[in-house]
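Here is the structure we will look at, set down as structure tokens.
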Amino acid sequence: MEQKYDIIIIGAGPAGTLTGKLCAKKGLKVLILEKRPEIGAPKRCAEGIGLPDLKRIGYTGKERFVTQAIDGGIVITPNGGTIEMPKEPGGYILERKVFDKFIAYDAAIAGAKIYTKAHVFDLIWAGGKIAGVKLTYNGEQKDVYCKIVIAADGVESKIARIAGLPSGNTPKTIESGYQYEMANIDIPDPHKIYTYLGNDIAPRGYIWIFPKGSHIANVGIGIGNPNGKTAKYYLDKWIAGKPEISKGSIIEENSGGIPIGGFLESMTTDNFLAIGDAAHQVNPLHGGGLAESSFSAEIATEVIIDTIKSGDTSNSALDRYNKLWWEKRGKNLKKIEKIVHLLEKVTDSDLNLAQSSLCGQDILDLTEGKTHKLIRIMLKNPRLATLVKYLK
Ligand SMILES: Cc1cc2nc3c(=O)[nH]c(=O)nc-3n(C[C@H](O)[C@H](O)[C@H](O)COP(=O)(O)OP(=O)(O)OC[C@H]3O[C@@H](n4cnc5c(N)ncnc54)[C@H](O)[C@@H]3O)c2cc1C
């Protein structure tokens with residue numbers, strides 16, 4: 001391992017490898033360090049991505065990491081009512097273990113150097129500023145230096161906290177996720193994703209079925225208000241009541257935290273920035289982070305290239321990353337965070353009302369922070385009208 005790079009990226013998830021790929025393409029000397037022995041494994045994801053997001057990352061949907069094409073979805077309200085989501089723009093269920101590796105292959109081919117089993121445990125400081133990272137690799141401790149360190153170390157990001165950013169999560173800003181990949185289950189239409197709502201089945205969250213084939217799917221849950229019970233408890237209880245699911249076999253089991261808001265005003269300090277889940281860059285309504293990572297990788301790359309070119313990688317120069325991210329993504333995600341706070345206040349009968357008042361496009365609009373139709377509907381209902389303040 002060489003001792004000096006332009007940038008060091010901690011974590012080879014999508015946020016890290018996408019940023020590494022884009023920066024290497026622009027000619028930077030890039031090091032990506034991943035603590036696990038295999039990039040992409042274990043997966044902690046339902047593996048869904050929209051077609052426009054996959055295209056932005058640079059893929060077509062024909063790659064071998066795609067398991068299933070999706071044309072829309074069904075939202076199921078607590079009373080069993082359904083809302084059909086639009087077929088367009090469509091999307092895919094991926095095999096994250098292969099997808100993450102594809103981005104890593106591309107980053108390496110673009111010139112980034114990647115090491116697995118390389119665990120960063122601390123930062124190097126010089127004159128009070130970050131100057132590199134301390135890691136263990138092959139049982140040896142190493143110091144490696146760079147101009148900018150990038151924390152892409154996921155939801156539990158320790159490195160951003162060592163750098164002094166308030167990136168820790170509180171119960172309000174994190175959901176617990178639990179998921180089984182199951183085979184031999186029956187799915188009404190295996191080209192649709194299914195989302196089940198209800199305070200009894202998934203408090204402050206939802207249960208999902210994301211099909212990976214005719215009888216194969218990720219069956220999972222994300223919850224934010226477990227009342228002392230685990231996400232697994234709620235998922236198992238729900239599956240037990242669904243013979244078409246409970247008859248299946250569990251092929252893989254995984255769990256993980258999902259940031260749902262608590263966006264950081266500043267994701268930078270001198271010679272340092274945070275990206276992806278490490279910076280809470282996730283859509284708080286559905287918990288999707290792949291699209292957000294790809295937007296942020298583009299924004300970060302632009303700023304990293306400019307600051308390294310100018311020789312000024314101070315916090316005030318890197319602050320452009322904060323400004324651009326808040327303008328292009330954060331402003332809208334903050335609106336979506338408000339919808340999540342509203343959802344904490346609604347009852348199952350309010351959710352049932354959504355079934356008769358909202359169409360699939362309205363739900364899609366909500367995932368993009370567009371609340372005008374929801375507000376109109378809420379204002380017509382005396383109880384819901386009192387909750388409109390949460391959206392302001
Ligand atoms: C149950 C669940 C379901 C989800 N479903 C979806 C979905 O369907 N669609 C979607 O878009 N998003 C989904 N997400 C969110 C998505 O998985 C994340 O947003 C995405 O993986 C974030 O990418 P990242 O690169 O920021 O972090 P990660 O993918 O978590 O990558 C971080 C990497 O950093 C490494 N690392 C950590 N610390 C260190 C260290 N000290 N040194 C070296 N390496 C380190 C880790 O090993 C890891 O590989 C889901 C999340 C969960 C938990």
Side-chain angles (χ1 to χ4, degrees), residues 8-20 31-50 53-54 57 70 73 91-94 96-97 99-101 103-104 114-123 133-137 149-162 167 174-181 193 195 205-210 212 217-223 231-232 235 252-260 274-284 286-297 300 367:
I8 298 175
I9 298 173
I10 304 159
T17 47
L18 280 170
T19 309
L31 175 64
I32 304 176
L33 299 168
E34 169 54 52
K35 69 179 178 186
R36 296 181 191 166
E38 184 180 1
I39 289 172
K43 77 168 176 198
R44 291 197 295 182
C45 188
E47 309 182 283
I49 192 165
D53 302 316
L54 190 66
I57 295 173
I70 298 296
Y92 298 99
I93 308 302
L94 309 171
R96 274 285 302 262
K97 285 169 198 152
F99 175 72
D100 285 24
K101 280 200 188 112
I103 311 175
I114 305 175
Y115 289 90
T116 53
K117 291 176 87 171
H119 187 168
V120 176
F121 64 89
D122 208 349
L123 295 167
V133 304
K134 288 180 176 291
L135 68 140
T136 51
Y137 178 65
V149 172
I150 294 153
D153 49 341
V155 63
E156 289 111 7
S157 182
K158 288 200 181 87
I159 302 299
R161 272 176 281 152
I162 295 173
S167 65
I174 194 142
E175 273 196 356
S176 313
Y178 207 89
Q179 181 174 263
Y180 300 119
E181 184 169 331
I193 55 172
T195 307
Y206 64 94
I207 286 174
W208 62 79
I209 299 177
F210 280 18
K212 296 182 81 170
N218 289 321
V219 181
I221 188 170
I223 54 164
K232 182 178 186 313
L235 183 60
E252 184 175 336
E253 192 165 336
N254 33 64
S255 62
I258 308 166
I260 49 153
I275 194 162
D277 277 17
H280 300 213
Q281 292 166 342
V282 171
N283 183 313
H286 55 58
L290 295 174
E292 292 308 324
S293 286
S294 74
F295 282 118
S296 302
T367 66

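Count residues from 1 along the sequence. Ligands are counted one by one from 1 in listed order, and the atoms in each one are counted from 1 as well.
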- request: Among all protein heavy atoms, pick out the one at the shortest distance from atom 27 (O) of ligand 1; state its residue, atom name and that distance to 0.1 Å.
  value: G154 CA, 3.7 Å
- prompt: Among pairs that include at least one residue of residues 37-48, which meet salt bridge (charged side-chain N to carboxylate O under 4.0 Å, His left out), considering only residues two or more places apart or in two chains?
  reply: E38-K101, K43-E47, K43-E181, R44-E156, E47-K212
message: Please find the pair of heavy atoms, one from A118 and one from L135, that lie closest to each other, and give the distance.
response: CB-CD1, 3.9 Å
field: 4.0 Å heavy-atom contact, G40 with ligand 1
entry: no
- prompt: Between Q281 (side chain) and G276 (backbone), is there a donor-acceptor pair under 3.5 Å?
  reply: yes
The single option from K134, K35, R36 passing side chain to side chain contact (heavy atoms under 4.5 Å, CB included) against H119: K35
query: Counting from 1, what ligand 1 atoms have a heavy atom of G257 closer than 4.0 Å?
result: 53 (C)
message: Considering R44, R96, E38 one by one, which has a heavy atom nearer to atom 29 (O) of ligand 1 than any of the others?
response: R96
task: Report the nearest protein non-hydrogen atom to atom 34 (O) of ligand 1: residue, atom name, distance rounded to 0.1 Å.
output: G11 CA, 3.1 Å
query: L290 and side chain to side chain contact (heavy atoms under 4.5 Å, CB included): which partner among L94, L54, L18, N283?
result: L94
query: Step by step, would you call I93 with I193 a side-chain contact (heavy atoms from CB on, under 4.5 Å)?
result: CA-CA 9 Å; I93 308 302; I193 55 172; 4.0 Å; yes
- prompt: Should you measure from each heavy atom of L33, which atoms of ligand 1 turn up under 4.0 Å away?
  reply: 43 (C), 44 (N)
query: Got the closest protein heavy atom to atom 37 (C) of ligand 1, with its distance?
result: D153 O, 3.3 Å
Heavy-atom closest contact (W208 atom, Y178 atom, distance): CZ2-O, 4.5 Å
task: Take every heavy atom of P259, measure it against each atom of ligand 1, and state whether any distance is under 4.0 Å.
output: no
message: I'd like to know if I49 contacts ligand 1, where contact means a heavy-atom distance under 4.0 Å to any ligand atom.
response: no
- prompt: Heavy atom under 4.0 Å from ligand 1: found in A118's side chain, backbone, both, or neither?
  reply: backbone
field: Residue and atom name of the nearest protein heavy atom (relative to atom 44 (N) of ligand 1), distance in Å to one decimal
entry: K35 N, 3.1 Å
- request: Taking only heavy atoms of P14 into account, list the atoms of ligand 1 that are under 4.0 Å away from them.
  value: 23 (O), 25 (O), 29 (O)
- prompt: Touching ligand 1 at all, F210? Heavy atoms, strictly under 4.0 Å?
  reply: yes
query: Does the side-chain contact (heavy atoms from CB on, under 4.5 Å) test come out yes or no for V282 and I258, once each step is laid out?
result: CA-CA 8 Å; V282 171; I258 308 166; 4.3 Å; yes
message: Please find the pair of heavy atoms, one from A278 and one from A151, that lie closest to each other, and give the distance.
response: CB-O, 3.7 Å
task: Find all atoms of ligand 1 within a distance of less than 4.0 Å from any non-hydrogen atom belonging to D277, and give their numbers and elements.
output: 18 (C), 19 (O), 22 (C), 26 (O)
Atom indices of ligand 1, in the order listed, that fall short of 4.0 Å to a heavy atom of A15: 24 (P), 25 (O), 26 (O)
- request: Please check if the side chain of D277 supplies one atom and the backbone of G289 the other of a donor-acceptor pair under 3.5 Å.
  value: no
message: Can you confirm, on distance only, whether ligand 1 has an N/O atom lying under 3.5 Å from any N/O atom belonging to W208?
response: no
- request: Select one of side chain, backbone, both or neither to describe which atoms of F121 lie under 4.0 Å from any atom of ligand 1, heavy atoms only.
  value: neither
query: After noting the C-alpha distance and the side-chain angles of T19 and I275, does the key distance pass the side-chain contact (heavy atoms from CB on, under 4.5 Å) rule?
result: CA-CA 9 Å; T19 309; I275 194 162; 3.4 Å; yes
task: For the residue pair F121 and K158, establish whether any side-chain heavy-atom pair is separated by less than 4.5 Å.
output: no
query: Considering only heavy atoms from C-beta outward, does the side chain of I57 approach that of I49 to under 4.5 Å?
result: yes
task: Would you please test Y180 and K232 for side-chain contact (heavy atoms from CB on, under 4.5 Å) and show each step?
output: CA-CA 10 Å; Y180 300 119; K232 182 178 186 313; 3.4 Å; yes
query: Short list, please: which atoms of ligand 1 are under 4.0 Å from a heavy atom of G287?
result: 12 (N), 13 (C), 14 (N), 15 (C)
Nitrogen or oxygen atoms of Q179 and ligand 1 under 3.5 Å apart: no
statement: Per-atom filter on ligand 1: closer than 4.0 angstrom to a heavy atom of G256 are 53 (C)
field: Among E34, K117, H119, closest by any non-hydrogen atom to atom 49 (O) of ligand 1
entry: E34
- line: closest protein heavy atom to atom 7 (C) of ligand 1 is C45 SG, 3.5 Å
task: Please write down residue, atom name and distance for the protein heavy atom closest to atom 41 (N) of ligand 1.
output: V120 O, 2.9 Å
query: Of the choices G13, G48, G288, A46, which has the non-hydrogen atom that lies closest to atom 9 (N) of ligand 1?
result: G48
task: Below 4.0 angstrom from a heavy atom of L290, which ligand 1 atoms are there? Numbered from 1 as shown, please.
output: 10 (C), 11 (O), 12 (N)
Partner residues of F295 under the ring-ring contact (aromatic ring centres under 6.0 Å, His included) criterion, sequence neighbours left out: none
Atom 12 (N) of ligand 1 - nearest protein heavy atom and its distance: G289 N, 3.0 Å
- request: Decide yes or no for T17 and D100: does some side-chain heavy atom of the first lie under 4.5 Å from some side-chain heavy atom of the second?
  value: no
query: Can A152 be said to touch ligand 1, with heavy atoms closer than 4.0 Å?
result: yes
